[in-house]
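Below is one structure, written out as structure tokens; the observations come after it.
Here, residue 1 is the first one in the sequence, and each next residue gets the next number. Whatever order the structure lists them in is the order used to number ligands and atoms, beginning at 1.
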Amino acid sequence: MVSIAVYVADDADYFRQVKAAFAERAPDIHVVDWAAALAAPGQVDYALVWMPPIGDLARLTALKAVFSLSAGVDHVVARDPGWPAHLPLIRMAGEETGRLMADYLLWACISTIRGARGWALQQNERVWKRTVVTRSAADCVVGIMGLGQLGRYAAGHLSRCGFAVQGWSRSPKVIEGVRTFDGAAGLAPFLAGTDILICLLPNTPQTRNIIDARVLRALRPGGAFINVGRGEHVVESDLLSALDDGVLSAAVLDVFQHEPLPLASPLWAHPSVIVTPHIASQASVYARVDYLIGCISSLQRGERPEQVYDISRGY
Ligand code: NDP
């Protein structure tokens with residue numbers, strides 16, 4: 001029998017949900033909790049993790065692969081220097097993850113255009129003040145940094161909803177209906193044509209602190225910023241200055257350098273910022289388990305699943 005150990009920081013109940021879903025969908029896969037896995041470390045085939053305790057993965061000596069509960073793998077590779085880098089580290093993927101992210105981004109883009117943060121503040125104070133907004137999706141260019149599995153999906157969704165969409169990635173891309181830019185040389189023209197900037201990059205040494213004053217001030221006047229990548233991408237003091245100086249009209253932030261966002265953070269109460277608690281795209285337990293079952297079947301047949309972390313690229 002194949003076994004998978006589960007560790008999800010801050011959510012002890014997640015193990016029970018994963019176990020129930022596997023029992024229904026693939027009862028031949030045995031799901032074990034983390035303590036049981038560490039007690040019999042030579043008997044666990046796979047691990048599903050979110051922020052595993054540092055050093056634990058290396059102790060599971062029979063592992064064939066590690067699954068990340070998220071599309072990002074920085075919670076393993078950037079935190080645990082002893083993670084078993086010789087094993088495939090597989091990113092979460094699947095249709096539902098893409099759909100949820102695309103919906104979140106559509107909501108966030110419309111919210112920035114319509115000034116939804118201002119409505120919420122007015123509602124808190126029971127203020128009835130009509131501010132007319134005549135700008136629509138058709139007047140806005142959305143620029144997506146990162147055209148991977150999630151960025152491409154979101155680009156198609158936003159484009160079908162009436163936004164002009166352009167994207168920036170490391171290597172050249174051809175995507176129908178999307179103007180694409182790549183590499184260091186492509187960044188300036190990409191930013192110069194963008195009204196709403198979306199960060200959907202992985203967290204790597206090359207992308208850390210990429211969203212700074214220079215980038216934010218290069219957007220079209222009155223630009224907005226949406227971060228669903230990672231908090232490490234943003235120089236927070238530069239973001240706050242750009243908002244306070246009116247360089248940016250709005251920001252929607254789902255990810256932060258420190259999560260939960262510390263109570264003292266000025267972002268919480270900023271009148272131009274919408275904060276969400278890292279929930280842009282959290283696929284259901286069943287969607288994730290179905291994806292894992294597909295990957296485990298491939299691995300058991302000796303095949304390599306698609307979304308394997310590439311150590312040389314860093315994502
Ligand atoms: P992918 O690995 O599929 O795509 C990454 C994209 O970023 C690629 O287009 C890649 O370029 C581009 N990229 C990487 N490095 C650079 C660079 N140095 N310069 C320019 N472009 C670069 O990632 P996903 O789409 O699956 O996910 C992206 C990120 O979204 C995750 O790493 C995670 O941080 C975040 N995320 C957030 C969630 C949330 O709920 N907030 C949920 C899920 C993910 P190329 O195509 O040339 O390789």
To atom 31 (C) of ligand 1, the nearest of Gly72, Pro172, Gly148 on a heavy-atom basis is Gly72
Using distance alone, with no hydrogens and no angle criterion, decide if Lys129 and Thr131 have a side-chain donor and acceptor under 3.5 Å apart. no
Pair His270-Asp244, side-chain donor/acceptor within less than 3.5 Å: yes
Using a strict cut-off of 4.0 Å, indicate which atoms of ligand 1 neighbour a heavy atom of Gln282. 40 (O)
Charged N to carboxylate O under 4.0 angstrom, Asp290 versus Arg25? yes
Which of the ligand 1 atoms, numbered from 1, are nearer than 4.0 Å to a heavy atom of Ala71: 26 (O), 43 (C), 44 (C)
Any Trp168 heavy atom less than 4.0 Å from ligand 1: yes
Can you report which non-hydrogen protein atom sits closest to atom 11 (O) of ligand 1, along with the distance? Arg170 N, 3.2 Å
Sub-4.0 Å atoms of ligand 1 with respect to non-hydrogen atoms of Gln206: 18 (N)
List for me each residue that meets side-chain contact (heavy atoms from CB on, under 4.5 Å) alongside Asp13, sequence neighbours excluded, and say none if there are none. Asp11, Arg16, Gln17
Give the residue and atom name of whichever protein heavy atom lies nearest to atom 33 (C) of ligand 1, and the separation in Å to one decimal. Arg230 NH1, 3.6 Å
The one among Thr276, Leu201, Ile210 that brings a heavy atom closest to atom 12 (C) of ligand 1: Leu201
Within the structure, is a non-hydrogen atom of Met145 found at a distance of less than 4.0 Å from ligand 1? no
Check this for me, if you would: do Lys19 and Asp33 make a salt bridge, where the nitrogen-to-carboxylate-oxygen distance has to be below 4.0 angstrom? no
Among protein heavy atoms, which sits nearest to atom 38 (C) of ligand 1, and what does the distance come to when rounded to 0.1 Å? Met101 CE, 3.5 Å
Taking atom 7 (O) of ligand 1 as the reference point, the nearest protein heavy atom with its distance: Pro202 CD, 3.4 Å
Nearest candidate to atom 18 (N) of ligand 1, where distance is taken over non-hydrogen atoms, out of Thr207, Asp310, Asp254: Thr207
In one Ile/Leu/Val/Met/Phe/Trp/Tyr side-chain cluster, 4.5 Å: Ile274, Trp268: no
Side-chain H-bond candidate by donor/acceptor type, Gln43 with Ser3, under 3.5 Å: no
May I ask you to decide whether Lys173 forms a salt bridge with Asp182, counting only side-chain N to carboxylate O separations under 4.0 Å? no
the protein heavy atom lying closest to atom 37 (C) of ligand 1 turns out to be Val228 O, 3.0 Å
Using distance alone, determine whether Gln149 and ligand 1 share an N or O pair under 3.5 Å. yes
For atom 40 (O) of ligand 1, find the nearest protein heavy atom and state the residue, atom name and distance (0.1 Å precision). Ser281 N, 3.1 Å
How are the rings of Trp50 and His278 set relative to one another: parallel (under 30°), tilted (30 to 60°) or perpendicular (over 60°)? perpendicular
If you measure every N/O of Leu200 against every N/O of ligand 1, is any gap under 3.5 Å? no
So is Ser70 touching ligand 1 or not, going by heavy atoms under 4.0 Å? no
Option from His233, Arg170, Glu232 for which side-chain hydrogen bond (donor to acceptor under 3.5 Å, both in side chains) with Thr207 holds: His233
Contact with ligand 1 for Arg91, non-hydrogen, under 4.0 angstrom: yes
So, is Val255 polar-close to ligand 1, with some N/O to N/O distance under 3.5 Å? no
What is the nearest protein non-hydrogen atom to atom 10 (C) of ligand 1, stated with its residue, atom name and distance? Tyr315 OH, 3.5 Å
for atom 46 (O) of ligand 1, nearest protein heavy atom and its distance come out as Lys173 NZ, 2.7 Å
Tyr291 six-ring centre to Arg288 NZ/CZ under 6.0 Å and within 45° of normal: no
Who gets closest to atom 47 (O) of ligand 1 by heavy atom: Ser171, Ala184, Cys199, Pro277? Ser171
State, without any angle test, whether Gln300 and Tyr46 hold a side-chain donor-acceptor pair at a distance under 3.5 Å. yes
So, His75 and Ser68: side-chain donor and acceptor under 3.5 Å apart, yes or no? yes
side-chain contact (heavy atoms from CB on, under 4.5 Å) involving Leu100 - partner list, sequence neighbours excluded: Glu96, Ser281
Ligand 1 contacted by Arg313 (non-hydrogen, < 4.0 Å): yes
